[in-house]
Structures are given as structure tokens and as C-alpha cells.
Protein chains: 2
Amino acid sequence: MPKETFFRLPKAKQQRLMDAAYQEFARAPFNETSISNIIKHAGIPRGSYYQYFDDKSDLYFYLLKTVRQRTVLTLQQVMTKHHGDLFPAMSEFFGKTITALVHGPHAALYRNVFLHMDFHSAAKMAGSKAPFLKPPHGHQEIHDFLLTSIDRSRLRIRADDEVSLLIRQIVGMFIQTIAYYYSNQAEGKPITVAELKRRGDQLLDWLQFGVSNDDHNHH
Amino acid sequence: MPKETFFRLPKAKQQRLMDAAYQEFARAPFNETSISNIIKHAGIPRGSYYQYFDDKSDLYFYLLKTVRQRTVLTLQQVMTKHHGDLFPAMSEFFGKTITALVHGPHAALYRNVFLHMDFHSAAKMAGSKAPFLKPPHGHQEIHDFLLTSIDRSRLRIRADDEVSLLIRQIVGMFIQTIAYYYSNQAEGKPITVAELKRRGDQLLDWLQFGVSNDDHNHH
DNA sequence: TCCGTCATATGACAAGGTGTCATTATAAAC
DNA sequence: GTTTATAATGACACCTTGTCATATGACGGA
């Protein structure tokens with residue numbers, strides 16, 4: 001997280017920095033971005049940057065947190081609407097989210113985020129209990145919200161840590177599917193958003209009903 | 001891939017370089033490694049390095065390819081043994097692989113590989129058709145091998161691209177689970193290998209039979 | 001033996017990035 | 001006006017990367 005000093009700054013200066021950060025992280029994947037570019041665009045001296053943030057990651061994750069808040073809201077609305085029925089809710093959530101990601105105003109940023117997100121970050125996204133993710137609207141909140149709002153009577157699993165594993169799996173599945181989209185796009189054989197949704201629904205269906213043939217079903 | 005010049009080098013010199021590379025990539029995650037360290041340990045001048053490789057990734061992926069070959073063999077053996085029965089085969093494969101990864105001689109290297117593998121790389125691992133992955137024992141081979149050797153009569157899916165999606169999903173699931181292990185370890189709350197296998201089997205079981213409650217089963 | 005050629009070897013260098021630190025500037029408090 | 005805490009600043013030391021002009025060496029003629 002940014003240091004106290006940053007939050008005590010005039011709003012205008014904060015905003016100038018965040019805008020420059022957004023621009024840089026939308027321009028290129030994380031490893032190809034630089035603090036130098038950000039401070040150049042924000043018109044802030046190098047020394048000051050380190051008075052506000054620990055390093056590049058610090059600003060990066062803070063920026064993502066602010067951008068992601070809308071997504072959390074969507075998830076909560078959809079889950080409520082479907083009365084905790086996990087799979088229909090997830091299908092609708094995925095459909096809405098994917099459109100927002102790919103065609104929304106933050107498309108460029110998300111592209112860099114998903115394409116180059118590593119599994120360590122993803123594990124955190126799916127609900128780490130690491131203390132540094134505790135602040136409001138951290139990923140942990142998504143995880144905990146789902147844990148309490150899922151209607152377990154529709155599932156053959158009940159225990160908290162099993163549901164927790166299921167949530168992680170679904171979140172991971174989404175990230176993987178979205179990354180697949182960008183990955184194909186990067187290699188010059190783009191797939192459509194409709195096709196992407198189909199894949200997401202397909203995976204959800206398999207997870208819900210199993211891919212096993214009826215003849216062999218149920219152990 | 002390394003340039004021709006590299007392969008024309010005396011075996012001893014090649015080996016010295018690969019050993020240094022191994023050491024460096026086992027020492028730290030990819031972004032924290034440097035060509036400088038590798039050539040220092042290998043005792044090779046900077047200019048020469050660029051005569052052999054394009055950049056750091058070039059050497060990295062080449063190294064991984066050599067290390068990974070044993071894994072491909074294991075997969076083929078296990079699939080054959082189970083006569084194409086996907087889920088038991090995958091369970092056994094995962095069990096064997098996870099032990100090798102975590103306790104085997106290459107544990108340090110794999111830790112860095114999995115923890116910081118991004119989804120773009122993972123998509124390629126799960127079977128990209130990108131031309132630069134065509135060489136023998138590329139990931140594409142794993143994907144194609146599975147595509148032909150899976151006994152589809154045990155599944156409710158038949159079409160190639162559906163099976164292909166399933167394969168990607170399972171591979172992604174494995175990577176995700178392994179990354180989860182390292183992720184927890186990195187945050188000081190390690191889980192056991194046995195627990196990890198249990199999670200893997202749990203996920204496979206869900207994918208095979210579905211998590212839906214019997215009351216609501218089958219659409 | 002001398003020469004031209006082709007593949008390889010080398011290390012100095014330019015360009016650019018990161019994090020630190022001694023020094024100034026600012027402003028509120030007494 | 002002086003003290004004190006906070007913030008601003010930019011020069012610096014240190015590291016990396018990729019390139020390039022130059023040096024070395026082997027080999028096949030003439």
C-alpha cells in the first residue's frame with residue numbers, strides 16, 4: 001500500500017500520479033513499464049515517488065484495487081439476484097465481466113493485467129488470507145462474500161474449505177479463460193467474445209454436472 | 001531457441017553454460033535473474049552470450065525444455081497403463097509429478113517456474129499451436145498426445161475442440177494447484193504434499209462427476 | 001608460405017532503470 | 001523568530017541489457 005504521505009497529498013497531485021500510472025500500466029505489461037515513465041508523465045521528481053510508494057508493485061496493486069471495485073459490486077448483485085445459486089450466477093457474472101473487460105474503457109489495462117498475471121498473484125486474487133490484502137475490497141472480501149452467500153443445498157459439498165476450494169477453482173478458471181482470449185489475440189488468431197463466453201459456460205457446465213459419461217456416472 | 005552457433009560449441013562449453021543457467025534460474029524467479037550472473041558463473045564473455053541466445057527467455061525456455069522431458073514420458077506411460085481412462089490416469093500422473101516437483105532434485109527450479117508462471121505461458125503450456133513451440137517435446141506434443149489417447153467413450157464430450165478445452169482446463173488446474181502450494185509456502189503457512197494431492201484429486205472428482213447436488217443433477 | 005574468408009570471441013560502451021541520501025524547502029507550533 | 005516535523009528534490013552509485021568494432025583462429029587455395 002502507498003505510504004501515509006501519499007494520502008496526505010493534495011487530491012490533485014494524487015490524481016495526477018494515478019493518471020500517469022494508469023497510462024503507463026495500460027501502455028505495456030508490468031515488466032516493461034517503468035517508474036521513470038510514470039514520474040515523467042506526472043511531473044514528479046524521482047525522490048518524491050519513493051516518499052509515496054515502496055516500489056513499482058506498490059503503485060500497481062493500489063491502482064488495480066481502485067479499478068476493480070466495480071467488479072466486486074457486480075458479483076454481489078448477481079449472487080443476490082440468483083439467491084445464491086452458484087452456477088447461474090457465475091455464468092451471468094462471467095458474461096457481464098468479460099464484456100466489460102474486453103470492450104470497456106479499461107480494456108488496454110486489463111489486457112496487460114490478465115495476460116501477464118502470474119499464478120502467485122492469481123492465488124491471492126482467488127482469496128489469500130495474507131495480511132497485506134486485508135484492506136476493504138481486497139480479494140479476500142470476494143472470497144468471503146461468496147463463502148457465505150452460496151446456497152450449498154444445491155451442491156454435493158458442504159464444508160467451508162471445500163467450498164473455498166471450489167471458489168478458487170472457478171476464479172482461476174475465469175482468469176485462465178480470459179488469459180486464453182488475450183493469448184490468442186496476441187498470437188494473431190483472435191477469438192470472439194461470444195466464443196469466449198461459450199467456453200466459460202462450457203467449463204461451468206462441466207464442473208456442475210461432470211464430464212463423465214452417464215454409463216459411468218456416480219461413484 | 002538457441003542459435004546454431006551454440007549447438008556447434010564444444011559439449012563442455014555448452015554444459016558449462018547450461019549449468020550456470022540452471023543455477024541462476026533455481027536461485028531466483030525469472031525477473032530477478034540476470035544474464036550477467038549466468039555468464040559470470042559460466043566464465044563466458046557478454047558478447048558471446050548474444051552469439052548463442054537471443055535474450056534471457058531464449059535460454060530459459062530451452063533449459064526448461066530439457067528438464068521437462070522426463071515429465072512427458074511419465075504422462076505417456078500413465079495414459080497407456082490406464083488405457084486412456086482420463087481421470088484415473090490424471091490422478092496418478094498428478095500424484096507422481098507433484099512428488100517429483102516438490103521433493104525431487106529440481107525442486108528449487110520448479111518453485112520459481114510455477115510460482116511466477118504467467119497465464120500467457122500457461123496457455124502455451126496447455127497446448128498452443130504457435131510455431132515457435134513446434135520443436136520435439138514442446139507442449140503441443142503433450143496436448144496432441146492426450147487428444148488422441150483419451151478414451152472418449154467414458155466422457156459425455158466427443159468433439160476435438162471440446163476435448164481440447166478439457167485438456168487445457170486440467171493442465172491449468174494442475175498448474176494452479178501447484179502454484180497454490182508454493183504460494184502458501186511463500187507466505188509461511190505451508191501445506192503438505194499429501195494435502196496437495198487430496199486437493200488435486202478433489203478437483204478431478206468434481207470435474208468428472210460434477211459438484212451439483214443429485215436432486216438437481218442433469219439438465 | 002601467404003592470403004582471403006568465414007565463423008567465433010571479446011569487452012568496452014551507450015542507454016536506461018532502480019533505490020538512496022544529503023540537502024532544501026515548507027509550514028505549523030511555540 | 002526559532003524550533004520541529006514533514007515533504008521535496010535531484011545527483012549518485014550501481015545494475016542490466018543489447019550492440020558493435022575489433023581481434024582471433026582455422027581452413028582452403030594459389
Side-chain angles (χ1 to χ4, degrees), chain A residues 1-64 112-113 116 118 121 132, chain B residues 1-64 112 116 118 120-121 132:
Chain A
M1 284 296 289
K3 302 177 182 175
E4 275 311 310
T5 310
F6 174 73
F7 294 109
R8 278 193 291 265
L9 248 38
K11 287 295 168 207
K13 195 170 186 179
Q14 284 184 35
Q15 195 53 49
R16 196 149 40 93
L17 236 165
M18 295 312 287
D19 287 348
Y22 184 98
Q23 189 184 344
E24 177 69 354
F25 291 125
R27 181 188 66 79
F30 185 77
N31 347 325
E32 289 164 34
T33 57
S34 78
I35 295 176
S36 294
N37 278 335
I38 296 174
I39 61 183
K40 198 190 311 164
H41 285 129
I44 280 170
R46 185 162 202 82
S48 295
Y49 180 91
Y50 287 94
Q51 202 108 32
Y52 311 146
F53 308 97
D54 287 328
D55 51 23
K56 201 169 64 170
S57 297
D58 196 15
L59 173 53
Y60 179 71
F61 286 112
Y62 177 64
L63 174 70
L64 287 194
N112 293 325
V113 170
H116 298 275
D118 65 34
S121 308
F132 56 88
Chain B
M1 284 298 286
K3 302 177 182 173
E4 276 311 310
T5 309
F6 174 73
F7 295 108
R8 277 194 291 264
L9 248 39
K11 288 295 169 208
K13 195 170 186 180
Q14 284 184 34
Q15 196 54 50
R16 195 150 41 92
L17 236 165
M18 295 312 287
D19 286 348
Y22 184 99
Q23 188 184 345
E24 178 69 354
F25 291 125
R27 181 189 65 79
F30 184 77
N31 342 327
E32 289 164 35
T33 57
S34 78
I35 295 176
S36 294
N37 279 336
I38 295 174
I39 60 183
K40 198 190 310 167
H41 285 129
I44 279 170
R46 184 160 204 81
S48 295
Y49 180 90
Y50 287 94
Q51 204 107 33
Y52 310 146
F53 307 98
D54 286 329
D55 52 23
K56 200 169 65 170
S57 298
D58 197 14
L59 172 53
Y60 179 70
F61 286 112
Y62 177 66
L63 174 70
L64 286 194
N112 293 324
H116 298 276
D118 65 34
H120 191 209
S121 309
F132 57 89

Rounded to the Å, how far apart are [X] [atom1] and [N] [atom2]?
X       : N      : atom1 : atom2 : value
B:Ile38 : D:dC15 : CD1   : P     : 17 Å
A:Asp54 : C:dT18 : CG    : P     : 14 Å
B:Ile39 : C:dA9  : CD1   : P     : 14 Å
B:Phe53 : C:dA9  : CZ    : P     : 12 Å
B:Phe7  : C:dA7  : CZ    : C1'   : 17 Å
A:Ile35 : D:dT16 : CD1   : P     : 17 Å
A:Tyr50 : C:dT20 : OH    : P     : 8 Å
A:Lys56 : C:dG16 : NZ    : C1'   : 13 Å

Could you state the interatomic distance from [atom1] ([X]) to [atom2] ([Y]), rounded to the nearest 0.5 Å?
X       : Y       : atom1 : atom2 : value
B:Ser34 : B:Lys40 : OG    : NZ    : 7.0 Å
B:Met18 : B:Ile38 : CE    : CD1   : 9.5 Å
A:Tyr50 : A:Ile35 : OH    : CD1   : 3.5 Å

Legend entry - No-hydrogen, no-angle side-chain donor-acceptor test under 3.5 Å, A:Gln15 and A:Asp19: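 A:Asp19 and A:Gln15 do have a side-chain donor-acceptor pair below 3.5 Å.
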Legend entry - Passing option when B:Met1 is tested against B:Phe6, B:Phe7, B:Phe61 for side chain to side chain contact (heavy atoms under 4.5 Å, CB included): B:Phe7
Legend entry - Heavy-atom protein contacts under 4.0 Å, nucleotides 3-9 of chain D, coded B base, S sugar-phosphate only, - none: ----SBB
Legend entry - Geometric class of the B:Phe25/B:Phe30 ring pair [parallel <30°, tilted 30-60°, perpendicular >60°]: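 Parallel.
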Inset, instruction - Please check the phosphate of D:dT17 (OP1 and OP2 only) for any side-chain N or O of B:Ser36 closer than 4.0 Å. - result: yes
